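Counting starts at 1 for both ligands and their atoms, following the listed order. Keep in mind that what you see is a predicted model, and the values were worked out from it rather than measured.
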Amino acid sequence: MSHTGSVGGQPGPQRTTDRASALSEPTLAYAELVAGNRRFVGGTPRHPNQDAGHRAAVADGQHPFAVIVGCSDSRLAAEIIFDRGLGDLFVVRTAGHTAGPEVLGSVEYAVTVLGTPLVVVLGHDSCGAVQAARESAATGTAPSGHLRAVVDAVLPSLRRAQAEGVEDIDGIVDIHIAQTVETLLGQSPVLADEVAQGRCAVVGVSYRLAAGAVRPVAVVPADFATLDTPAGSPESTGPAAPATV
Ligand SMILES: [Zn+2]
């Protein structure tokens, strides 16, 4: 992997003359993700940066504008739901977007070596990993094999939900997304310092499988500006503001 190279991109109404520079800003990087998600939700994707010419252009280096720490769920493909292409997103996925050492190291690589200005935790409704953890907690039985590691990583979010009186699965998912944001920052002083210096932001978003839209549920720093969710989506009637953690 290399930190050299350019972001590139297809011409469009929002294209800037210095795209790499513009997308080095956390707020602009987040706006680009939201714009892509709106295209995906609206059925008007542009599929940017997926052509052979761009493939060749980024072969010598990468400059992704966002890290996605997402659930491995097969319906949560980052480049599709954010309508992006090669070289745009640095994607780390585990079942239940758990944040173990390899995930933390991958995030730190993107943020410090590649200079990526935004980390997005991507969770979703009806998450199987969260459901498995809830079942494990309810029955007092641990799953076999390495699946136990996934469940164990989600259990702190279950306990937090119980303490807050949240019982519905999607409410628990939101808490788990916020918990993952906190874990990333709490376990990675490197990432926390990048955020403190204003070079990076961390946003937790919840994705709706049927609607295809994302909704912010946690933001760091607290004054980081997130945008409205796509017009007409079910999320537009959801919580008015994301929690800050
Ligand atoms: Zn999931």
Side-chain angles (χ1 to χ4, degrees), residues 33-34 36-37 40-41 66-84 89-104 106-107 110 118-139 141-162 164 166-187 202-219 226 229-230 233-235 238-239 242-243 245:
L33 283 184
V34 170
N37 182 243
F40 171 69
V41 169
V67 182
I68 309 293
V69 179
C71 181
S72 297
D73 191 293
S74 61
R75 300 159 292 184
L76 213 60
E79 282 85 356
I80 294 176
I81 70 173
F82 292 117
D83 191 29
R84 299 306 315 181
L89 307 178
F90 192 93
V91 182
V92 190
R93 295 172 68 180
T94 67
H97 48 84
T98 57
E102 292 88 352
V103 171
L104 290 165
S106 299
V107 171
L118 176 69
V119 178
V120 171
V121 174
L122 176 64
H124 63 101
D125 56 335
S126 306
C127 182
V130 175
Q131 289 173 324
R134 185 167 71 164
E135 185 174 325
S136 178
T139 62
T141 58
S144 60
H146 292 290
L147 180 55
R148 178 169 185 168
V150 174
V151 166
D152 285 348
V154 179
L155 282 176
S157 300
L158 261 294
R159 288 192 283 270
R160 179 169 164 182
Q162 289 174 336
E164 297 180 10
V166 177
E167 297 181 350
D168 67 292
I169 186 67
D170 293 337
I172 297 172
V173 164
D174 283 2
I175 288 174
H176 182 50
I177 293 168
Q179 181 74 40
T180 303
V181 169
E182 291 185 29
T183 299
L184 291 176
L185 289 161
Q187 296 297 313
V202 184
V203 181
V205 301
S206 184
Y207 175 83
R208 305 293 291 186
L209 292 173
V214 295
R215 168 176 53 85
V217 298
V219 295
T226 56
T229 49
S233 75
E235 284 65 37
V245 293

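Under a cut-off of 6.0 angstrom, the local environment of CD in Glu164 is crowded, with over 12 non-hydrogen atoms contributed by other residues, nucleotides or ligands.
Checking side-chain atoms of Arg93 against main-chain N and O of Cys71 turns up a donor-acceptor pair under 3.5 Å. In this structure a side-chain-to-backbone donor-acceptor pair under 3.5 Å is present from Ser136 to Thr141. Between the Asn37 side chain and the Ile81 main chain, a donor and an acceptor come within less than 3.5 Å of each other.
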Only pairs under 3.5 Å count here: list side-chain donor-acceptor contacts from residues 119-134, not counting sequence neighbours, and write none if there are none.
residue, atom, partner, partner atom, Å
Asp125, OD1, Leu209, N, 2.9
Arg134, NH1, Glu167, O, 2.8

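Tested against Ile68 for a side-chain contact (heavy atoms from CB on, under 4.5 Å), the candidates Val205, Leu33, Leu76, Val107 yield a single pass: Leu33.
Counting only protein N, O or S atoms, 3 lie closer than 2.8 Å to the Zn ion (ligand 1).
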